[in-house]
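Take a look at the structure below.
These numbers come from the heavy atoms of this one structure, side chains and all, not from hydrogens, waters or symmetry mates. Numbers restart at 1 for each chain; the letters A, B, ... are given by sequence-line order, proteins then strands.
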Amino acid sequence: MKPALFDYVRPESLSDALALLRDDEGATVIAGGQSLLPMLNLRVTAAEKLVDISRLHALQGTNDDGTTVSVGALVTHAAIEDGLHREAFNGLLQRVAAKIAYRAVRNMGTLGGSLSLCDPSADWPACLLALDASVIAASADDGEREIAMEEFLVDAYTTALESGELLTRVVIPRRPMARWGVSKVTRKSGAFADSLAIAVLGDGDLPTRVALTGIASCARLLIRTSGILDEDREATAATLAEAIREDIVEVHEDVTPYQLRCHHHTVSTAITEAQSWSK
Amino acid sequence: MVEVTLTINGEEETVVIDARDSLSDLLREKLNLTGTHVGCDHGACGACTVHLDGTPVRSCIVLAARCECSDILTIEGTRNDAITDVVRRHFHDKHALQCGFCTPGMLMMAVDIIRRYRVPSEEQVRAELSGQICRCTGYMGIVNAIVAAADELDGQRATA
Ligand SMILES: Cc1cc2nc3c(=O)[nH]c(=O)nc-3n(C[C@H](O)[C@H](O)[C@H](O)COP(=O)(O)OP(=O)(O)OC[C@H]3O[C@@H](n4cnc5c(N)ncnc54)[C@H](O)[C@@H]3O)c2cc1C
Ligand code: FES
Ligand code: FES
């Protein structure tokens, strides 16, 4: 099906793009288009004007300063799948990227687009929450601000980005020795998750973070589960299972028995995988 | 109305389009390149796969306007391509198509799989093809054809 009519502009620079977004409330950003165009084609959303940011150099680069890695909003899932900053996160980003959609979609879809959309089943929000990342948002008049992932992800399809703001890059603390686990349940390979859990175990001062998505809202941290893994190393399987259950019931309102089992499975599998890495 | 200039199958073209036109609209409706098939028009089936600047994309969810200065390869442009020719022959030999609706997308994807994996295993081909939907063949022939084509192309490289 065809989308309803809209205008199209492709600003030449980040500052032009930000000015356009400030001056025109009806403008919608398009990056890879891999979520926006299907939604426009199906007419589940509409746009008056698309501001194409896909060629803005300022949003493309990446940088590793030895403590944190910054990844431009326009970096594609495929570029990450192919090994971008593999060592900095012990391969976690590659594992996640490779299971998003299909290669032809990953060639276009971007990290910034996935985060900004905040689909309740998307992979990057959960992964970056588990890695304790933050996003940098820019606007024409207020410059840049940094937003921690917990505050950035507000609800299904809702982020802390304000009107006129662009997500420019993601900043992730390096975890070269990370012991991590990922478990995703989908109806079909490449589809959005019924449940997706990502566990990154604590190390030194860094706490364990277990994130779950495929829930009613958007990716959330499992606080009790993460806490037990750090504080109670002797915890029995039953104690851990109970913490997981309590966390799921808290983050997933009106969870059905199928969803509860599904989440329980992904969370335990991700934790077991993370624990299987040698220290 | 937007004017775009891009390279399609090696020829530079300037086309006037609607801002809302997808790359598949531009190919099929403006340039009559109907080898690119449209199954779902929302990124779910892979029938419309073409190469944009050397990598496969789903042309129904790429805006034509964004393709300014891009290099597009469609199934029509692979007629004399040595690699696609080998893949095509194996599709024929292994009965990898029936109605042919999915085939252009399958071939465009197959070439990219072979480029990235060189000699992909059957399992890798299956995983990579999971986004390309075929309603006829049951996939066995398609998977076999890609594995066999990759083996033949690898043999050619070894003896070259
Ligand atoms: C068949 C298929 C299967 C998929 N499966 C999965 C899956 O399993 N897991 C998964 O996570 N995703 C999946 N996706 C979605 C895919 O990952 C998208 O690429 C991603 O969600 C959006 O990125 P994009 O660059 O294409 O964004 P776009 O579609 O261009 O934009 C998405 C939204 O974000 C906004 N936006 C984009 N960039 C910015 C920015 N820099 N600043 C502010 N706002 C911005 C846009 O205005 C729009 O509202 C799938 C997509 C398809 C077509
Ligand atoms: S027609 Fe483009 S993916 Fe189905
Ligand atoms: S041959 Fe008919 S859809 Fe694949």
Side-chain angles (χ1 to χ4, degrees), chain A residues 1-12 28-56 74 76-79 81-83 98-110 113 186-192, chain B residues 1-4 17-25 29 38-70 105-106 108-113 115-117 120 123-133:
Chain A
M1 206 156 83
K2 270 214 176 302
L5 288 173
F6 49 73
D7 291 333
Y8 172 87
V9 276
R10 191 172 51 238
E12 296 289 323
T28 303
V29 170
I30 181 163
Q34 301 302 285
S35 290
L36 190 56
L37 287 172
M39 286 157 64
L40 288 168
N41 284 6
L42 291 168
R43 300 203 181 197
V44 295
T45 188
E48 286 166 36
K49 181 193 275 177
L50 292 189
V51 178
D52 183 354
I53 60 167
S54 65
R55 301 206 177 177
L56 296 179
L74 289 178
T76 61
H77 312 327
E81 177 185 17
D82 290 347
K99 299 279 180 186
I100 298 176
Y102 316 103
R103 182 73 182 186
V105 174
R106 298 197 288 273
N107 280 331
M108 298 292 290
T110 67
T186 56
R187 299 288 169 96
K188 162 179 189 300
S189 76
F192 277 103
Chain B
M1 288 294 174
V2 186
E3 192 179 273
V4 280
I17 53 163
D18 254 359
R20 65 172 168 176
D21 282 341
S22 64
L23 177 57
S24 55
D25 294 332
E29 279 158 35
V38 174
C40 67
D41 223 358
H42 63 268
C45 74
C48 65
T49 308
V50 303
H51 291 191
L52 167 68
D53 296 328
T55 56
V57 299
R58 300 192 157 178
S59 60
C60 70
I61 51 169
V62 173
L63 271 189
R66 113 182 266 286
C67 297
E68 175 73 25
C69 298
S70 297
M106 289 287 179
M108 299 310 283
M109 205 58 225
V111 169
D112 183 66
I113 295 170
R115 182 186 299 146
R116 279 184 294 128
Y117 290 84
E123 203 184 331
Q124 285 166 329
V125 172
R126 284 184 178 277
E128 288 287 339
L129 281 187
S130 63
Q132 308 291 124
I133 293 176

Quiz item: Should the pair A:Glu81-A:Arg103 be classified as a salt bridge under the 4.0 Å nitrogen-to-oxygen rule?
Solution: yes
Quiz prompt | Basic-acidic side-chain contact under 4.0 Å: B:Arg20, B:Asp25 | solution = no
Can you tell which part of [X] gets under 4.5 Å to a heavy atom of chain B, answering side chain, backbone, both or neither?
{"X": "A:Ala78", "value": "neither"}
{"X": "A:Tyr8", "value": "both"}
{"X": "A:Leu36", "value": "neither"}

Exercise. Name the option with the most non-hydrogen atom pairs under 4.5 Å to chain B; the candidates are A:Gly190, A:Ala4, A:Ser189, A:Ala104.
Key: A:Ala104
Quiz item: Looking at A:Arg106, A:Met39, A:Met108, A:Lys188, which makes the most heavy-atom pairs under 4.5 Å with chain B?
Solution: A:Met108
Side chain, backbone, both or neither: which part of [X] has an atom under 4.5 Å from a heavy atom of chain A?
{"X": "B:Met109", "answer": "side chain"}
{"X": "B:Val38", "answer": "neither"}
{"X": "B:Leu52", "answer": "side chain"}
{"X": "B:Glu68", "answer": "both"}

Quiz item: What residues form a side chain to side chain donor-acceptor pair (under 3.5 Å) with B:Ser59, not counting sequence neighbours?
Solution: none
Quiz item: With B:Arg115, which residues qualify under side chain to side chain donor-acceptor pair (under 3.5 Å), at least two apart?
Solution: none
Mind checking the [atom1]-[atom2] spacing from [X] to [Y]? Nearest 0.5 Å is all I need.
{"X": "B:Asp18", "Y": "A:Phe6", "atom1": "CG", "atom2": "CZ", "value": "9.0 Å"}
{"X": "B:Ser22", "Y": "A:Leu40", "atom1": "OG", "atom2": "CG", "value": "12.0 Å"}
{"X": "B:Leu129", "Y": "B:Gln124", "atom1": "CG", "atom2": "CD", "value": "12.0 Å"}

Quiz prompt | Greatest number of heavy atom pairs closer than 4.5 Å to chain A - which of B:Leu63, B:Thr49, B:Asp21 | solution = B:Leu63
